[in-house]
Amino acid sequence: KPKPAEYFDIPVLSDRMLFVLDVSGSMDYSVGATSKAPTRMAHAKRELIGVVQALDERSRFNIVFFDQKIRVWTSGLAPATERNKQLAIRSVQELVPRGGTDSYGALELAFKGFRGIDTVYFLSDGVPSVGKSISQEKILQRVWDWNRLRGIRIHTIALQVGEQLNPFRRQREDKEEAARFMRILAQETGGTFTDRR
């Protein structure tokens, strides 16, 4: 039996999944000490493209991209045919990070917009900063409400490698706070939490 595909070392065991990807401005931060180093976004794209390529064609999937707006790659759940995988990869390659982080909106869409999923892979590099609610406690409570009868497992990836190189930015990232939010989100839904710093 072939080894399952992996996404940030989390085995992909579902065949009805949703990838939720943060494309906010901070995903443009470099993961090395110079501006020539790859960005978080480059890192996230590489992992997502790799897992999409590896999906079994019996799998069904979709991708939600979020900054302060929420966008969906396609409608419903697409079978992982060669053509669909290529179309998904193209849309991932074209992503440009900008704007804030509407985690509430992205998670709300995951629950309300996709009836058939059993697994969500949620990647973000920071704390919620825009949207209906930026309160982590409130978002966790809403997810608990939405998920009570669904039993969707949320695997979370806190992709926080590197630093902001722009010296004029007023606020430093709070990596501990972001990791805590993502850790609880995974724990409360039976998912795996991965911290990349």
Side-chain angles (χ1 to χ4, degrees), residues 1-29 31 38-99 101-103 105-125 147 150-161 182 185-186 189-196:
K1 201 175 148 106
K3 194 167 164 285
E6 288 189 348
Y7 183 53
F8 286 95
D9 302 324
I10 303 167
V12 176
L13 304 173
S14 167
D15 56 7
R16 290 174 293 126
M17 74 208 84
L18 186 65
F19 296 96
V20 180
L21 182 67
D22 181 348
V23 294
S24 63
S26 55
M27 289 292 286
D28 209 22
Y29 290 7
V31 301
T39 60
R40 291 174 181 176
M41 192 79 250
H43 198 45
K45 285 181 179 183
R46 192 178 64 235
E47 281 281 338
L48 186 51
I49 288 167
V51 77
V52 167
Q53 282 170 333
L55 289 178
D56 184 285
E57 62 184 30
R58 288 168 303 202
S59 297
R60 299 165 69 77
F61 75 107
N62 205 336
I63 309 170
V64 170
F65 309 112
F66 72 101
D67 40 55
Q68 69 257 41
K69 294 197 183 80
I70 317 290
R71 295 177 301 287
V72 180
W73 162 58
T74 189
S75 58
L77 286 179
T81 60
E82 232 16 81
R83 180 170 181 278
N84 282 342
K85 292 199 278 192
Q86 288 314 314
L87 289 170
I89 286 166
R90 192 171 316 147
S91 73
V92 171
Q93 285 166 335
E94 289 165 359
L95 294 168
V96 178
R98 57 172 157 276
T101 308
D102 184 1
S103 304
L107 288 162
E108 182 177 42
L109 180 69
F111 282 96
K112 295 187 175 175
F114 295 93
R115 279 271 154 264
I117 58 169
D118 60 19
T119 305
V120 169
Y121 295 87
F122 182 83
L123 182 147
S124 181
D125 72 339
N147 205 23
R150 300 280 298 279
I152 293 171
R153 181 167 288 180
I154 304 177
H155 300 295
T156 59
I157 300 97
L159 183 61
Q160 304 187 96
V161 282
M182 306 280 277
L185 190 55
T189 59
T192 300
F193 165 67
T194 299
D195 191 356
R196 293 287 171 95

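Fair warning: this is a prediction, and the values are worked out from it, not measured in the lab.
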For [X] versus [Y], what's the shortest heavy-atom pair and its separation?
X: G116; Y: L77; result: C-CD1, 4.1 Å
X: S59; Y: S14; result: OG-O, 4.3 Å
X: L21; Y: A44; result: CD1-CB, 3.9 Å
X: I117; Y: A110; result: CD1-O, 3.6 Å
X: F193; Y: M182; result: CE1-CB, 3.6 Å
X: A78; Y: T74; result: CB-CG2, 4.1 Å

Quiz item: What about the rings of W73 and F61, do their centers lie closer together than 6.0 Å?
Solution: yes

Exercise. State yes or no: are the ring centers of F19 and Y7 separated by less than 6.0 Å?
Key: yes

Practice problem: Just do the side chain to side chain contact (heavy atoms under 4.5 Å, CB included) check on F111 and I154 with the steps written out, would you? | Solution: CA-CA 11 Å; F111 282 96; I154 304 177; 4.0 Å; yes

Measure the shortest side-chain to side-chain distance between [X] and [Y] over non-hydrogen atoms and say whether it is less than 4.5 angstrom.
X: F122; Y: S103; answer: yes
X: V161; Y: R40; answer: yes
X: V64; Y: N62; answer: no
X: L109; Y: F114; answer: yes
X: F8; Y: H43; answer: yes
X: F66; Y: D22; answer: yes
X: E47; Y: V51; answer: no
X: I63; Y: L48; answer: yes

Quiz item: For R196, does the CZ atom sit with more than 12 other heavy atoms under 6.0 Å from it, leaving out its own atoms?
Solution: yes

Quiz item: For atom CD of E6, is the number of surrounding heavy atoms from other residues, nucleotides or ligands below 6.0 Å larger than 12?
Solution: yes

Quiz item: How many angstroms lie between CD1 in I157 and CG in D195, if you round to the nearest 0.5 Å?
Solution: 11.0 Å

Quiz item: Side chain of R71, backbone of F65: donor and acceptor closer than 3.5 Å?
Solution: no

Practice problem: Without swapping roles, check the side chain of K69 against the backbone of G99 for a donor-acceptor pair under 3.5 Å. | Solution: no

Quiz item: Do M27 and L159 pass the side chain to side chain contact (heavy atoms under 4.5 Å, CB included) test, and can you show the C-alpha distance, the side-chain angles, and the key distance before you say yes or no?
Solution: CA-CA 9 Å; M27 289 292 286; L159 183 61; 4.0 Å; yes

Practice problem: Given side chain to side chain contact (heavy atoms under 4.5 Å, CB included), test V20 with L107 step by step and report yes or no. | Solution: CA-CA 8 Å; V20 180; L107 288 162; 5.8 Å; no

